[in-house]
Amino acid sequence: MDETDFDEFFACVNDGATPFEWQRRLVRHLVAQQAWPDVIAAPTGAGKSAVVEAHVFVNALASATGSIRLPRRLALIVDRRGLVDSHAERAERIRRLLATASGGLLSEMADALKKTAFASGMTPSIPLRVVVLRGAVAPSRDWLNDPTGCQIICATPDMWGSRLLLRGYGSSPNARPREAGMLALDSVAVVDEAHMNRQLVVTARAVGALASESAVTLGVPGLQVTSVSATPAEGRPLVTVGVSDSDLTADADLRERLTKPKPVAVVESPAWPVRGRAPASHVGCLCNEVENLWRQVPGTVGCVVNRVDTAVQVADRLKAQGRTVALWVGRLRPMDTLQLHTENPELFDSSCSPQMDVLVATQTVEVGVDLDLQGLVTELAPAVSLAQRAGRVNRRGLRERGPITVVVPPGRLGSPAALPYAAGDLAAGLAWLSPIVADPGGLSGANLLASPPPATAPR
C-alpha cells in the first residue's frame, strides 16, 4: 500500500466516486506531516465528511508500512444530533465493507487494521469501531476496552467535551479517567462547523498541550484538534488544508457546486423587529419577497428568519395566500429528517419534482440538514449565519443560479440589535454583504472562499 491507493479505497466505499483534489491533498498532508492540520477550510458541499475516509485509510497505511504514526481515534464532533447520526452512518458503511471484504485493497486494509488493534489478552479485534456519543442514545462502552484499535467517534460537543474534562454526561465516576485518557491521547478531534463551537476548540487545544508530555512518555500522539468550517475565523497562523482556486479548475463536479452564481438582492423592511413580536408590515415584506422569488424559480423556496414567532406568522400568511408551506423550528430529530427525506425528497435533491412551495424555518437549517433549495429569502443575520444559509441554496450546482434575497432594517446603517443577535454582529454582517451584492456570483462557495465572513463577537 501507498498513499496513491486512496483513490481506489475512496471509490470502493463511495460507489465508484473519485475524491476531490483537496481530499487527496489532505491524505498527502497526513502522511508527510504525521499530524492533522489545524484547519480544514471547505465550503458547504465540498465534501468535508471525507475526513472519515482519510482517517481510516491513513491508519491502515500506517499499519501496513510501519513508516508513519497518526492518532488511532477520530472524534468527529458537530452540534446537531442529525448530523452526528449522518457521520455515524457513513462510518458504519465503511466498517461493514471492511468487515466483509474478501480480497483486494479493502481486505488488505482490514488485515492491517486488525493487526494494529490486536492486544495481548484480548480477542482479535475488528478492523474499525464506530461509536456514537449523543443525547437520547445509550453509549456503548466497548470503545473503552479497545485502546489500540482504529475508531471513529461521532459525538455532540457536550458529550465529547464533558468526557475530555472528566465529567462525562451519563458516565460513572470510575469510567471518567479512562474516557478522558482515551480522548486526550492517541486521538484527533475534528470539530465540524467550528464557528459554532469556538470555545470548545480553544479548550481542546489547551488540553492537547497539557497532555503532550504524557503522550511523549507513552510514545503515542497527543490530542490533535482540527477545526472544520465553511467560514474559518481564527486569529493566529494555522496549518490549513482545504479547497483552493486550482481545485476549481481540476474538479468539474466541485466547480459546478462552488461557482454557480447565487446573486444577492437586499430589500429594506418597513419595520424591523427590534424586540417582541414582528410587526405585520415586516411579515408582509418577507411574504412579498417569497412570492416574488417563487415566481422566478421552478421549485421550493426557503424563507429563513431569526425567531420562532416570526416563522409562525410568515408560514400562516403564506398558507392563507394559497402556498404549500412547511414550518421547521427547533431541533430536528433523526426520525424527522428521515420522514422529510421520504415525503419531500425535493428539499434535499432539487432534481426531484417539487411538492412544496415554501419552506419556512429558523436557524435550525443552518447546519446538519443538507438542503438543496431553489432560492432563499432570509432576514439579516451575522455574516457566518448568512454564509451557512446560502449554502442551502443550489447545493449541488444542478441549476444555473440560486437567487437570494436578504431583508434588512430600514436605512441599512446602524443595524439595531434584534434577538437573538447583537447589533454589532448584524452591522458587521451587512457591511460584509454590501460588496457581495454588486458581485454577479453573490454568495457562491467560491466567493465565500475569497471573502470569508467575519466571526461573531465572543460572548
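Since the model is a prediction, treat every value here as computed from it, not as a measurement.
Using a 4.0 Å cut-off between charged nitrogen and carboxylate oxygen, Arg134 and Asp85 count as a salt-bridge pair. Salt-bridge formation is not detected for the pair Arg255/Asp247: no Lys NZ or Arg NE/NH1/NH2 atom is positioned less than 4.0 Å from an Asp or Glu carboxylate oxygen.
With hydrogens and angles ignored, the 3.5 Å screen pairs no side-chain donor or acceptor of Trp22 with any backbone N or O of Ala41. The main-chain N or O of Ala209 is found under 3.5 Å from a side-chain atom of Ser212 such that the two form a donor-acceptor pair. Of the possible polar contacts, none joining the Arg73 side chain to the Val188 backbone as a donor-acceptor pair under 3.5 Å is found. Side chain of Lys260 to main chain of Arg399: a donor-acceptor pair is present (N/O by atom type, distance under 3.5 Å, no hydrogens or angles). With Gln151 contributing its side chain and Trp143 its backbone, the two residues share a donor-acceptor pair below 3.5 Å. In this structure, Ser187 contributes its side chain and Leu185 its backbone to a donor-acceptor pair below 3.5 Å. At least one donor-acceptor pair under 3.5 Å links the side chain of Ser162 to the backbone N or O of Tyr169. Judged by distance alone, the side chain of Thr378 and the main-chain N or O of Ile404 form no donor-acceptor pair under 3.5 Å. With Lys262 contributing its side chain and Val393 its backbone, the two residues share a donor-acceptor pair below 3.5 Å.
Note that CG of Asp439 is 13.0 Å distant from OG of Ser434, once rounded to the nearest 0.5 Å. Distance check: Arg392 CZ to Leu376 CG gives 11.0 Å after rounding to the nearest 0.5 Å. The CZ atom of Arg395 sits 8.0 Å away from the CG atom of Asp372 when rounded to the nearest 0.5 Å. Note that the CG atom of Leu106 and the SG atom of Cys12 stand 4.5 Å from one another [nearest 0.5 Å]. Summarising the geometry, atom CG belonging to Asp146 is positioned 16.0 Å from atom CZ belonging to Arg141; distances are rounded to the nearest 0.5 Å. Between the CD atom in Gln34 and the CD atom in Gln224 there is a gap of 10.0 Å [rounded to 0.5 Å].
With sequence neighbours excluded, no residue satisfies side-chain hydrogen bond (donor to acceptor under 3.5 Å, both in side chains) with Ser172. With sequence neighbours excluded, no residue forms a salt bridge (charged side-chain N to carboxylate O under 4.0 Å, His left out) with Asp251. By the ring-ring contact (aromatic ring centres under 6.0 Å, His included) test, Phe20 is found to be paired with no residue, residues two or more places apart in sequence or in another chain being considered. With sequence neighbours excluded, the residues that form a salt bridge (charged side-chain N to carboxylate O under 4.0 Å, His left out) with Asp7 are Arg24. Under the rule for a salt bridge (charged side-chain N to carboxylate O under 4.0 Å, His left out), the partners of Asp186 that lie at least two apart in sequence or sit in another chain are Arg69, Arg72. With sequence neighbours excluded, the residues satisfying salt bridge (charged side-chain N to carboxylate O under 4.0 Å, His left out) with Arg28 are Glu21. In this structure, Glu89 has no side chain to side chain contact (heavy atoms under 4.5 Å, CB included) partners at least two apart in sequence or on a different chain. Residues forming a side chain to side chain contact (heavy atoms under 4.5 Å, CB included) with Ala326 (at least two apart in sequence, or on another chain): Trp328, Met356, Leu359.
Residues Leu30 and Pro37 are in side-chain contact: their nearest non-hydrogen atoms beyond the backbone lie under 4.5 Å apart. Put simply, the side chain of Val52 reaches to within 4.5 Å of the side chain of Ile152, judged on heavy atoms. Counting heavy atoms from C-beta outward, Arg389 and Gln363 have side chains that approach closer than 4.5 Å. Taking the side chain as every heavy atom from C-beta outward, Leu373 and Val301 never approach each other to under 4.5 Å. In this structure the side chain of Val84 never reaches within 4.5 angstrom of the side chain of Leu76, judged on heavy atoms. By the 4.5 Å heavy-atom criterion applied to side chains, Leu443 and Leu433 are counted as neighbours.
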Worksheet item: Between Thr300 and Trp294, does a side-chain contact (heavy atoms from CB on, under 4.5 Å) hold up when you go through it step by step?
Response: CA-CA 7 Å; Thr300 305; Trp294 185 83; over 6 Å; no

Practice prompt. List the steps and the verdict of side-chain contact (heavy atoms from CB on, under 4.5 Å) for Val228 and Val78.
Written response: CA-CA 10 Å; Val228 184; Val78 64; over 6 Å; no

Discussion item. Quick one, Ile77 with Leu200, criterion side-chain contact (heavy atoms from CB on, under 4.5 Å). Give me CA distance, side-chain angles, the key distance, then yes/no.
Written reply: CA-CA 10 Å; Ile77 304 159; Leu200 180 70; 4.0 Å; yes

Item to complete: Before giving the answer on side-chain contact (heavy atoms from CB on, under 4.5 Å), spell out for Val243 and Leu449 the whole-Å C-alpha distance, their side-chain angles and the decisive distance to 0.1 Å.
Response: CA-CA 8 Å; Val243 178; Leu449 282 172; 3.7 Å; yes

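Contacts classified as salt bridge (charged side-chain N to carboxylate O under 4.0 Å, His left out) and involving residues 148-170 (residues at least two apart or in different chains) are given here: Arg163-Glu179. Under the side chain to side chain donor-acceptor pair (under 3.5 Å) criterion, the residue pairs touching residues 8-18 are Asn14-Glu53, Asn14-Arg93, with sequence neighbours excluded.
Residue Pro157 comes nearest to Asn197 through the heavy atom pair CG-OD1, 3.3 Å, listed as atom of the first residue, atom of the second, then distance. Taking all atoms of both residues into account, the shortest heavy-atom contact from Trp160 to Ala155 is CB-CB, 3.9 Å. Heavy atoms only, all atoms of each residue included: Arg401 and Pro263 are closest at NH2-CG, 3.4 Å. Counting all heavy atoms, side chain and backbone alike, Ala194 lies closest to Val201 at CB-CG2, 4.3 Å. The shortest heavy-atom contact between Arg176 and Leu166 is CD-O, 3.4 Å. Closest heavy-atom contact between Ala88 and Val132: CB-CG2, 3.7 Å.
Paired with Thr240 under the rule side chain to side chain contact (heavy atoms under 4.5 Å, CB included), one option of Asp38, Ile40, Val39 passes, and it is Val39. Of the options Lys115, Lys114, Met109, a side chain to side chain contact (heavy atoms under 4.5 Å, CB included) to Pro127 is made by Lys114 and by none of the others.
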If you look only at distance, which donor and acceptor atoms sit under 3.5 Å apart when one is on a side chain in residues 57-64 and the other is two or more places apart or in another chain?
residue : atom : partner : partner atom : Å
Asn59   : ND2  : His55   : O            : 3.0
Asn59   : ND2  : His55   : ND1          : 3.4
Asn59   : ND2  : Pro71   : O            : 3.2
Ser63   : OG   : Ala112  : O            : 2.6
Ser63   : OG   : Thr116  : OG1          : 2.6

Please tabulate, one pair per line, all N/O donor-acceptor pairs under 3.5 Å involving side-chain atoms of residues 379-387, not counting sequence neighbours.
residue : atom : partner : partner atom : Å
Glu379  : OE1  : Asn306  : N            : 2.7
Glu379  : OE2  : His282  : NE2          : 2.5

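Atom CG of Asp245 has 12 or fewer heavy atoms from other residues, nucleotides or ligands within 6.0 Å.
A donor-acceptor contact closer than 3.5 angstrom links the side chains of Asn145 and Arg178.
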